[in-house]
Chemist: 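Below is the structure I would like to discuss, written out as C-alpha cells.
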Amino acid sequence: MSFDLKSLVGARMGENYELHSRHLNPTLVEVLRITGFDKVYVRAEGAYLYDSDGKAYLDFLSGYGVFNMGRNHPVIKQAIRDALDLDLPNMVQLDCSLLSGLLAEALLKKTPPHLEAVFFCNSGTEAVEGAIKFARAATGRSKIVSLKGCYHGLTYGSLSVTGSGNFQEGFGPFLDDVARIRLGDLEALERLLRKGDVAAFLFEPVQGKGVNYPTDDFYQKAESLCRTHGTLVVCDEVQTGMGRTGKWWAFQHWNLEPDIITVAKSLSGGFVPCGAIITRRTIYQKVFNRLDRAVVHSSTFGRNNLAMTCGLAALDVLENEKLIENSAVMGKTLLERLAALQSRHTLIKEVRGIGLMIAIEFHEPPQLALKLAWRIMHRIDHGLFAQLVIVPLLSRHRVLTQVAGHNMDVIKILPPLIITEREVDYFVQAFDEALKGCRRFPGPILELARNTALRRVNRKYHRNGSEHGEEPRRR
Ligand SMILES: Cc1ncc(COP(=O)(O)O)c(C=O)c1O
C-alpha cells in the first residue's frame, strides 16, 4: 500500500509524548508533564491551537516567533502547493534558481538601500554563524563584542557570543575572541573598540531573553563608536525582524544603519526552515572574493524552493494584510491594558516591550503574606514564580505563553501579528485571573509540586517495572 500520511496521523495521534519519551527527548517530556504543558494539539489555525476535543488555545508564543503571520496561513499554504505543482528544479546547486533571486530582491526592497546583498541559510543560528564569518572576513579582525543577556543561537559561533542562560554548561571550549558588555555601557564598548581588533558589535535590538532594550541613545552612540573604530554593526533580527516590533526591523526604532542583519524565524511563515544574512555588497564580496571562493560559505539546503516560496508568500502576507501596522497598534493596546493591571496587582513590577514583543516582570510584593510566599518560592527556585503564572494561564485559561529566560521573574508574550482586540481582551482577562490565583498561596505551588511528585513516583514505578523484566508501556 502506498504511503498515506493522513491515515498515519489519524491512527497514531495521541502517542506523541510516548514516542518522544522513547525515541527523542524524555527530559523535555518530563518538563512538559510536570508543568501540564503536555497537551496534544491536533490542529492549528491563525492565533489558535486546537486539541482533539476541539478546545481552542490562544497561542501567545508563536513557536518562539516563527508565526508572525499566524499558523497555517492559507496564502502561504497555497504558495507551497503551487511550488510543488510547478515541478521546478530544486537545489541543482550549480545553477542560479529563480525563486532565491526573487526572494532576495523582495527582501532588499524592505531593507535600507545600503544593504544590497543576501545570503540564504536555514536557521537563525546559521545566520549568526555566517554573520560572524562575514564580519571577520571583511575586517580581517577576529573579536566579536556582544551584550550580556543576549541570545544568538546554539551552534558554536553563536553559542560563544550568547550571554544568557546555562546554554554553555558542559559544551566548552568556545571561540575565545569574544567580549560581552552590559547593555548601555558605552565606556566598556569604547575601551574594547579602541584596541582595533573588534570585527563586529553584535546585538539583538530588543533582547529575546527578558525583552530588554535601551530607552536612551545607547545604540546610536554605539554605532557611531563602531564607525570611528572600523567595527561592523551587526543587528540580529532573527526574532525582532519581520514586523515583530511594529516596524519591518527593530533597528529602525533607533534609526540605525547596520552593516549586517540576520533574519530567520518568520521569514518562511513557519513552514520551512529559512534564514538570511543581509549586508552591504562590499562586505559580501570580501567573503566571495575569488573564483575559487565562489562557494566558500554555503549550505546545501540554503536556497531551496520551498523555503524561498514561503519567504515570498510571507512577505506578501505581511504587506497586504498590514500586519506590521497591526503589530504596532495591538502592541500598544496590550502594553497599555497590561500596565493598567499594575494598580491591581502589586506583583507586577513592569510591563515593557515594543510592538508585539512584550515582557511582564514581577517583583516581591509589599503585603506580608505574599512577601513570604515570594521568598519561599525564590528559595526553592529562582525561576519558579514565572512558571506559576504561565502554568495556570495554560491549564485554566488555555493561553500558551513562556517564561522570558533562565532565573527571571519575567514572562514574555509573542502573539502572532494577526491578533485583534478580541485576543487582547481575552489575554488581559486571563492574565488578571491568573495573577489573582497566584495570590492564593500555596495553591499554585502545590499544584506544581504535586505534578513533580507524581512524575517522580511514576518514573520510579516504570524503572522498577523494567528492572523486573516488564516491557515498558507501549500503545
Ligand atoms: C535573536 C536570535 N538569534 C538567533 C536565534 C537562533 O535561531 P534558531 O533557533 O533558528 O537557530 C534565535 C532563536 O531564538 C534568536 O532569538
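Ligands are counted one by one from 1 in listed order, and the atoms in each one are counted from 1 as well. The figures here come from the full heavy-atom set of this structure, side chains too, leaving out hydrogens, waters and symmetry mates.
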Chemist: Considering only the protein, which heavy-atom contact is closest to atom 7 (O) of ligand 1, and what is its distance?
Modeler: Gly124 CA, 3.2 Å

Chemist: Looking at Glu204, which atoms of ligand 1 are within less than 4.0 Å of one of its heavy atoms?
Modeler: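 Answer for ligand 1: 1 (C).
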
Chemist: Do me a favour and list the nearest non-hydrogen protein atom to atom 4 (C) of ligand 1 with residue, atom name and distance?
Modeler: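 Here the nearest protein heavy atom works out to His152 O, 3.2 Å.
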
Chemist: Is the Tyr219-Phe251 ring centre distance short of 6.0 angstrom?
Modeler: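 No, ring centres 6.0 Å or more apart.
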
Chemist: To check your reading of the model: name the closest protein heavy atom to atom 5 (C) of ligand 1, its residue, and the distance in Å.
Modeler: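 Ranking protein heavy atoms by distance from atom 5 (C) of ligand 1, first comes Val238 CG1, 3.8 Å.
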
Chemist: May I ask you to check whether Glu126 and Asn122 show a side-chain donor-acceptor distance below 3.5 Å?
Modeler: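 Yes - a donor-acceptor pair under 3.5 Å links their side chains.
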
Chemist: For atom 6 (C) of ligand 1, tell me which residue out of Val263, Thr125, Val161 has the closest non-hydrogen atom.
Modeler: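 Checking each option, the heavy atom nearest atom 6 (C) of ligand 1 is found in Thr125.
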
Chemist: Closer than 4.0 Å to some heavy atom of Asp236 - which atoms of ligand 1 meet that?
Modeler: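 Under 4.0 Å from Asp236, ligand 1 has these atoms: 1 (C), 2 (C), 3 (N), 4 (C).
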
Chemist: Would you kindly specify which portion of Tyr64 sits under 4.0 Å from ligand 1, judged on non-hydrogen atoms: side chain, backbone, both or neither?
Modeler: neither

Chemist: Step through it carefully: locate the ring centre of His397, locate the ring centre of Phe431, and say whether they are under 6.0 Å apart.
Modeler: no

Chemist: Does the ring center of His406 lie less than 6.0 Å from the ring center of Phe167?
Modeler: yes

Chemist: Check whether any side-chain N or O of Glu223 sits under 3.5 Å from a backbone N or O of Glu257 as a donor-acceptor pair, and report yes or no.
Modeler: yes

Chemist: Is the OH atom of Tyr426 crowded by more than 12 outside heavy atoms at less than 6.0 Å?
Modeler: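 Yes.
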
Chemist: Specify whether the nearest protein heavy atom to atom 16 (O) of ligand 1 is under 4.0 angstrom away.
Modeler: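 Flag for atom 16 (O) of ligand 1 set to true, protein heavy atom closer than 4.0 Å.
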
Chemist: Judged on heavy-atom distance to atom 13 (C) of ligand 1, which of Gln239, Glu129, Lys265 sits nearest?
Modeler: Lys265

Chemist: For the side chain of Asn304 and the backbone of Phe301, is there at least one donor-acceptor N/O pair under 3.5 Å apart?
Modeler: yes

